[in-house]
Every structure is written in C-alpha cells, then in structure tokens.
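This chain uses plain numbering: 1 for the first residue, then up along the sequence.
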Amino acid sequence: MDTTTSDLAAEIVQRNKDLNDNASELPAYEVRQKTLQVKQLEQTLANLQQPTTKFSFKRSASKPTVPIPQSAASPTSVSPSIQIQSNKLITSVGESLSSLSDCIVSLPSLSALYVSKIQQSILVLPDVKGSLILHDLNNCILLVHCHQFRIHTSSNVTIYISCPSPPIIESCSSLRFISSPFPDSIPFTTAQDFSHVRQDTPSPNWSTTLDFPAITLKEWTSIINIDTESVKDTLERYLKT
C-alpha cells in the first residue's frame, strides 16, 4: 500500500474509532453526518486501489492474544487491489482485504483491518487490536476478536464475536451475532443499527438466533488448522446458501 492509501486507511480507522467512542454522546444528525464523511473516505480509498498497484506483505510476528493455533499451510498473501480470488487459504494480508470468493482467511495479530467485497468465505480474525471495518460481505462466517467492529452493506453473515463495545451495523440484513467460543471472550450483548431509527423496537436486521448448530471451539480449531486441499470441503460443510 503506498503512502497515500496507507494514510487514508489510517484516517478511516481513526475516524471510526472517534465515532464509536463518542456516538452515544452525539446528536443523531451529527452521528449521521460523521458516518457519511467516513463513507466518502472509504469510497475514495476504494477508488485509489487500482489493479496495477504492487504490494508486499509480511506475516506479523506477534502472537494472537486468543489461543488459536496458526495454520500449517503455506501462507498465501492477498492484495486489496487484485481481481477477485477464489478457492484459496489466505494467511497474510496488509491493511486491507478485498475481492474474495469461496476462501478461508486465517490471520495473525493485526493493528486494524479494512475488509470489502467478500462472499461465500470464512474469516478468522482472532486479534485485531483496533478497528475492524467491513463492507459488502455476503454469505460469510466470521470469527472476530477486535476492539471495535463496524459492518456495512452486508447480508447473511454469521459473526462469532468478542468486542468490548457494541458492534455497529448499517444497511445490512440477516446478520447473526454469537459470542466467540474461545476462552476469555467478551460475551455479545447487543448491536447498534444505524439503519434502524426506532430505538423502542428491535432491529429486524440482526439477531442471535441460528437456524443451524453453532460452530464449536473444537470445530473452529479444525477450521484454523486446515490445509489448502480442505478449503472447498470446509466451506461446503459450514456455509449455508
């Protein structure tokens, strides 16, 4: 990621952090205005990510705070500006992750991450120390331990989460939140839906109800330890179309 896009990604993360920290104290119109400003920056970042840009990613040496073993498969790096990739096991990225289909992503400790345009995939993000921002996910399963969580324009996503603040959602549907099964996780309690203005009624866009058995701690450990040859079978087992 070049200096311009790197700085912009950092600014987006910081603005989201400020918004999350102060949302409860700000008037609704101001929250909406700041949210729109962040979305404009995110669109600018997306426009700057052109396919000709070259990236060099290195796997973080930091150990996740959650006791999740790293995959034994050889790491596959992915750039946020490449054409859509599919049927891969991805274990290394930079500051953003984009354009994946039918993949399993298992990442080490990260300071923050911007995710967009992911479908039919499983994402394992056990140690995001800052903000995790997601856009345009469809039919995915996430295991997430992060400091702040925001998801936009996504549908049919199941999220196993540990987060000290309520997740923020906007323009989403059919989201399912479940507490992470890993030790020392922070239990999920509620989410804040910016698209549901009536606070006196439950949001129709998320729930804690599953139509299928929850993935257990043992199963998550198996998912994290799969090899590349097992990606397809694992996705077929857990993803519901």
>> To the closest 0.5 Å, what do you measure between CD1 (Ile141) and CD1 (Ile122)?
In response: 5.0 Å
>> Run the side-chain hydrogen bond (donor to acceptor under 3.5 Å, both in side chains) test against Ser230 and tell me which residues pass, sequence neighbours left out.
In response: Asp227
> What orientation do His152 and His135 show, parallel under 30°, tilted 30 to 60°, or perpendicular over 60°?
Replying inline: parallel
>> I need the Ser106 OG to Ile90 CD1 distance, nearest 0.5 Å.
In response: 11.0 Å
>> According to side-chain hydrogen bond (donor to acceptor under 3.5 Å, both in side chains), who are the partners of Asn205, at least two apart in sequence or on a separate chain?
In response: Asp193
> Is there a donor-acceptor pair under 3.5 Å between the side chain of Ser121 and the backbone N or O of Ile118?
Replying inline: no
> Does Ser173 have any side-chain hydrogen bond (donor to acceptor under 3.5 Å, both in side chains) partners at least two apart in sequence or in another chain, and if so, which?
Replying inline: none
> Would a distance-only check, ignoring hydrogens and angles, find a side-chain to backbone donor-acceptor pair under 3.5 Å from Thr208 to Ile178?
Replying inline: no
>> Rounded to the nearest 0.5 Å, what separates atom OG1 in Thr234 from atom NZ in Lys232?
In response: 12.0 Å
> Under 3.5 Å, side chain of Ser171 to main-chain N/O of Thr153, donor-acceptor pair present?
Replying inline: no
> How many angstroms lie between OH in Tyr160 and OG1 in Thr216, if you round to the nearest 0.5 Å?
Replying inline: 8.5 Å
> Does the pair Trp206 and Phe188 meet the rule for a ring pair (Phe, Tyr, Trp, His ring centres under 6.0 Å), with working shown?
Replying inline: CA-CA 13 Å; Trp206 68 270; Phe188 171 80; 5.6 Å; yes
> How long is the span from the CG atom in Leu142 to the CD1 atom in Ile159, to the nearest 0.5 Å?
Replying inline: 6.0 Å
> Quick one: which of Ser154, Ser96, Ser98 gives a side chain to side chain donor-acceptor pair (under 3.5 Å) with Ser116?
Replying inline: Ser98
> Does any donor atom in the side chain of Ser101 or Ser86 lie under 3.5 Å from an acceptor atom in the other side chain?
Replying inline: no
> Roughly how far, to the nearest 0.5 Å, is the CG atom of Leu97 from the CG atom of Leu125?
Replying inline: 8.0 Å
> With distance as the sole criterion, is a donor-acceptor pair present between the side chains of Ser131 and His147 under 3.5 Å?
Replying inline: no
